[in-house]
Each structure stands twice: as C-alpha cells, then as structure tokens.
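First the structure, in the form of structure tokens, and then the observations on it.
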Amino acid sequence: MLIRTPAHFAGVLDEKDRLILRELREDSKKTTKTIAENTGIPRTTVHDRIHKMEQSGVIRRFTVVPNYEQIGEPTTAFVFISYAGGSGANQKELAEQLAKLEGVYEVHMISGDWDILAKVRGENVENIGGLVTERLREIPGVGRTVTCAVFKTVKEET
C-alpha cells in the first residue's frame, strides 16, 4: 500500500480527494457512507483516501466549529501587532506567547507594516479591549497595536 507523503499531495490532490475534503470541511462528522453517496465515490475508496490524507498530513485534525454567539463570544476583532525588539523574545516566540492567551483564536506572522495579526473573540468590544490592553500589550515584545472590530462575518472557514 502506497502512503503518499505531504510533498506528493501538494498540488497533486485529484478530483476525488478534493470532493472528499469538501464534504469533510462542510461537516467532519459525515460518515464515509454519506460522503460516498454525496460524491459518487465508492465507500471503501472514501475510507482509504481519508486515511491516506490523515497519514500524509493533508488532513491535520477533525474539529468542531462552535456557534460563538451561543458560547458567549459573539464579537470578533483583528489585532495588528508590531514586534518591539530588545525584549529577549524573538518574533516567533512572541507569536507563540500570543497564541496561548485565552480569547486569541488565530495568530499569523505577516509581511507589511505590521508583524503579527491576531484574531480574537469576546463577549463584546469592551471585553476584547480588556484582552488587548490588560493582557496582550503586557507581553514583552509587543509594540504598537491596532484593533479592528468586525461588523459582520460574511464567510469564515476553519
């Protein structure tokens, strides 16, 4: 049995793999039977391909996407962060520290005028303001920040 490596899958996913991934991204709880019915791909093929994509790292994990309003975090914001050198931590270490904060959902090292972009969630803008001013800005290496509240999310994927 050939186990594909991540390099093999990169850019080499065929149409069947893409159909299966689309089904799983829509709902990772779908059974192989349901995916097979929806795609027209035999059930054993669906099972084998999912397993191969897991083994190769194409599928990193199966997860849950909560309804953030129902869990008390309906407000989303993006925080642009500049890295202030001389703190003893490098930019990657700073990003890793930010990622550990409760309420921080994504951390990206980016190019351009800012060094890091963080996606945060909270009960309201005031709650997010507390996260930024009382916890995030206190981490050594954080320079300036700009917080942009989200008015409405039109599309969001995991």
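The same ILVMFWY cluster, assembled from side-chain heavy atoms under 4.5 Å apart, contains both V146 and V150. Under a hydrophobic clustering in which Ile, Leu, Val, Met, Phe, Trp and Tyr are joined whenever their side-chain heavy atoms come within less than 4.5 Å, directly or via other members, I35 and F62 fall into the same cluster. Under a hydrophobic clustering in which Ile, Leu, Val, Met, Phe, Trp and Tyr are joined whenever their side-chain heavy atoms come within less than 4.5 Å, directly or via other members, V104 and Y83 fall into the same cluster. Note on L101 and V132: same hydrophobic cluster, where clusters join Ile, Leu, Val, Met, Phe, Trp and Tyr whose side-chain heavy atoms are under 4.5 Å apart, directly or indirectly. L117 and L98 sit in two unconnected hydrophobic clusters of ILVMFWY residues. Membership requires side-chain heavy atoms under 4.5 Å apart, directly or through other members.
A distance of 11.0 Å separates CG in L19 from CG in L13, rounded to the nearest 0.5 Å. Atom-to-atom distance recorded for F80:CZ and I110:CD1 is 6.0 Å, nearest 0.5 angstrom. With rounding to the nearest 0.5 angstrom, the CD1 atom of I116 is 11.0 Å from the CD atom of Q97. For the atom pair E157 CD and K155 NZ, the distance stands at 4.0 Å (nearest 0.5 Å). Note that the CD1 atom of I128 and the SG atom of C148 stand 11.5 Å from one another [nearest 0.5 Å]. Taken from CD1 in I50 to NZ in K30, the straight-line distance is 11.0 Å, to the nearest 0.5 Å.
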Applying side chain to side chain contact (heavy atoms under 4.5 Å, CB included) to L21 and I59, what does each step give before you reach the verdict?
CA-CA 8 Å; L21 279 174; I59 295 175; 3.7 Å; yes
CA sep, side-chain torsions, deciding dist, call: R144, S82, side chain to side chain donor-acceptor pair (under 3.5 Å)
CA-CA 5 Å; R144 285 187 340 116; S82 65; 5.0 Å; no
Apply side chain to side chain contact (heavy atoms under 4.5 Å, CB included) to the pair R60 and E54, showing each step before the final yes or no.
CA-CA 6 Å; R60 292 186 299 185; E54 285 180 280; over 6 Å; no
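Across every non-hydrogen atom of L136 and V142, the tightest pair is O-CG2, 3.4 Å. Here the closest non-hydrogen pair linking A149 and A77 is CA-CB, 4.0 Å. Counting all heavy atoms, side chain and backbone alike, A36 lies closest to I41 at CB-O, 3.0 Å. Residues L94 and G141 come closest through the heavy atom pair CD2-O, 3.3 Å.
Here K92 pairs with E96 in a salt bridge; the nearest charged N to carboxylate O distance falls below 4.0 Å. Comment: E26 does not engage R22 in a salt bridge, judged by the lack of any side-chain N to carboxylate O separation of less than 4.0 angstrom.
Counting non-hydrogen atoms of neighbouring residues, nucleotides and ligands closer than 6.0 angstrom, the CZ atom of R25 reaches no more than 12 such neighbours.
The backbone N or O of L24 sits nowhere less than 3.5 Å from a side-chain atom of S28 that would complete a donor-acceptor pair. At distances below 3.5 Å, not a single donor-acceptor pair connects side-chain atoms of E23 with backbone N or O atoms of I20.
For residues 106-119, the side-chain hydrogen bond (donor to acceptor under 3.5 Å, both in side chains) pairs, not counting sequence neighbours, are E106-H108, K119-E156. Every pair tested for salt bridge (charged side-chain N to carboxylate O under 4.0 Å, His left out) that includes a residue from residues 33-47 fails, sequence neighbours excluded, so the list is empty.
Each of T32, T44, D14 was checked for a side-chain hydrogen bond (donor to acceptor under 3.5 Å, both in side chains) with R49, and the lone residue meeting it is D14.
Between Y105 and F78, the gap from one ring centroid to the other reaches at least 6.0 Å.
Donor-acceptor pairing under 3.5 Å is lacking for the side chains of T75 and R121.
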